[in-house]
Protein chains: 2
Amino acid sequence: MEHNCQSFVFLLSYPDWMEEPKKICECRQCEFRSVVFNNLSGDEISLICLSKRDKSFVRGEMIIREGQEISEFLYLKRGLVKLFKMGAEGKDQIINIAKPFDFVSLLSVFSDTHYNFSIAAIDDSTVCIIDLSVIKEMIEKNGKFALRIMEKLSQSSDKIIHNNIQLNQKQLRGRIAYILLFFSNEIFYNKTFDLPVSRKEIAQLIDMTTENVIRIFSEFRRDNLISISGKTIEILNPEMLKRISAHG
Amino acid sequence: MEHNCQSFVFLLSYPDWMEEPKKICECRQCEFRSVVFNNLSGDEISLICLSKRDKSFVRGEMIIREGQEISEFLYLKRGLVKLFKMGAEGKDQIINIAKPFDFVSLLSVFSDTHYNFSIAAIDDSTVCIIDLSVIKEMIEKNGKFALRIMEKLSQSSDKIIHNNIQLNQKQLRGRIAYILLFFSNEIFYNKTFDLPVSRKEIAQLIDMTTENVIRIFSEFRRDNLISISGKTIEILNPEMLKRISAHG
DNA sequence: CGCGGCTTTGATGTTCATCAAGTAAAGTGG
DNA sequence: CCACTTTACTTGATGAACATCAAAGCCGCG
């Protein structure tokens, strides 16, 4: 999971017989390259390298604040973040949870000048930050790259929209089952995991009250669908949870 | 509102002194051009013309059926359509209502091979259909065009997502107020309008039951916020509706 | 150690879906 | 065009699902 995209290697001097080497950047090895940057030439990768930097955030830190100007293109390299809209007094609404290689700035990067949502780390995270103008320039110049970016962007929006539709139709038990399976299957790839969010945040994510999140957790524990100890959750009966998620 | 994008003008023969004219296509005059196709050269516009056709649908007709392969890029030239996911027995869920110049195929055009939602005309509509491969080719070749398409696409997704978030937080009265103002301000630009959808469809759009849509309509009429006669609605007290929409 | 935030459970009331039943409107076949 | 059927609309009554309020234990942190 660790990767290091930030260092350049310069030769301080070189013998006559040697051409001046191009700047070598570890972006060439970055896993992210395989996601969308495949279509970029070596030179283009180098250009990105020049304008990019990594930034790390600890759990709980704000990465983007609603209203901030969009001048950079962000993707998540490590950790877990939440996208959310702030509301009055703890009434935030979580739009999405993003994991490594997601474009976290994607809503509105290309459609607005300012963020209309916030981003915060829900686990220690590092974000790769690229000048938006560089990305735009590259989109203009490299058509394959443009298509690939559109694909990723479109996928992310689709996912959010369809998530929302699905959740709206379920009632509380269904939503809890859904979110438990989401963490287990799509984030941690494990039946046992530590919830990275508070009960309250779960409530904000699936649109219900904190009390009811807890109540249904307890209910599921009573029915031996899950076991809970603090933040640690183990899925005991995934089939039943799937049925509950699908139905109700 | 009327426009005609479909006819080519060919000269059947031309004198020696005249160069063979390029195909002239009325796309050059199409309003849509100003929306995104500004950045295309005359030749590129011609290419689009060659691969495109218009198709009209009467109110109620299906335009796209869930599961269908995506091979074309659609935009709405005239009318009103609904994007929706089919559910069991009238339990459809309406995702969005699109108006002229919206990209109606936008969710998933670039991220999937098959539609995962349906489109139907809720008013007599005409759709301009362009080969998706032609659009993709143009995105690859013309960077400015690519950026413009991304912008439009991103705007549309953003709108849907934020709509959803807003609606989720409101209770029934707030949703009805919201949707009434939506039709008045964003679709018909008029305080009096004919609802293009049934009460049931409104319920599917803002996620409630048909009975409650009717109940709250009646309530609003009783309180002199609106007047209703059949499908015709007049907004009498927009300020109050705005307040109701904002609050609850 | 004490304060504030997170968690938990119970009691209560509101909001909303469901059921039922009837009227109006719109489409259908003779 | 009329009887007929179906679909849309409307209102009321009931109960289920859920939010809100209240109270107490827990945990981490300055």
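So that the names make sense, note that chain A is the first sequence line, chain B the second, and so on, each numbered from 1.
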Atom-to-atom span, [atom1] of [X] to [atom2] of [N] - whole angstrom:
{"X": "B:I206", "N": "C:dC16", "atom1": "CD1", "atom2": "P", "value": "11 Å"}
{"X": "B:N168", "N": "C:dC16", "atom1": "CG", "atom2": "P", "value": "13 Å"}
{"X": "A:E219", "N": "C:dG10", "atom1": "CD", "atom2": "P", "value": "12 Å"}
{"X": "A:F217", "N": "C:dC6", "atom1": "CZ", "atom2": "C1'", "value": "14 Å"}
{"X": "B:Q169", "N": "C:dT15", "atom1": "CD", "atom2": "C1'", "value": "17 Å"}
{"X": "B:I214", "N": "C:dT18", "atom1": "CD1", "atom2": "P", "value": "14 Å"}
{"X": "B:R199", "N": "C:dA17", "atom1": "CZ", "atom2": "C1'", "value": "19 Å"}
{"X": "B:I228", "N": "D:dT10", "atom1": "CD1", "atom2": "P", "value": "7 Å"}

Exercise. For A:F103, is the NZ or CZ atom of A:K152 found under 6.0 angstrom from the centre of its six-membered ring and inside 45 degrees of the ring axis?
Worked result: yes
List every contact pair, protein side and nucleotides 21-26 of chain C side both N or O, where the distance is under 3.5 Å.
none

Taking 4.0 angstrom as the limit, do [X] and [Y] come out as a salt bridge?
{"X": "B:D54", "Y": "B:K77", "value": "yes"}
{"X": "A:R53", "Y": "A:E72", "value": "yes"}
{"X": "A:R173", "Y": "A:E219", "value": "yes"}

For this session: Tell me what B:S218 touches on the nucleic acid: a base, only sugar-phosphate, or nothing, going by heavy atoms under 4.0 Å.
Result: sugar-phosphate
For [Y], is there any backbone N or O sitting under 3.5 Å from a side-chain donor or acceptor partner on [X]?
{"X": "A:D102", "Y": "A:K99", "value": "yes"}
{"X": "A:S184", "Y": "A:N190", "value": "yes"}
{"X": "B:K170", "Y": "B:I176", "value": "no"}
{"X": "A:D223", "Y": "A:L225", "value": "no"}
{"X": "A:R199", "Y": "A:V213", "value": "no"}

Exercise. Below 4.0 angstrom from OP1 or OP2 of C:dT7, is there any side-chain N or O of A:K231?
Worked result: yes
Which atom pairs link the protein and nucleotides 18-22 of chain D when you take only N or O atoms and keep those under 3.5 Å?
{"from": "D:dC18", "atom 1": "OP1", "to": "A:L172", "atom 2": "N", "distance (Å)": "3.2"}
{"from": "D:dA19", "atom 1": "OP2", "to": "A:T209", "atom 2": "OG1", "distance (Å)": "3.4"}
{"from": "D:dA19", "atom 1": "OP2", "to": "A:N212", "atom 2": "ND2", "distance (Å)": "2.4"}
{"from": "D:dT20", "atom 1": "O4", "to": "A:R215", "atom 2": "NH2", "distance (Å)": "3.1"}
{"from": "D:dC21", "atom 1": "N4", "to": "A:E211", "atom 2": "OE2", "distance (Å)": "3.2"}

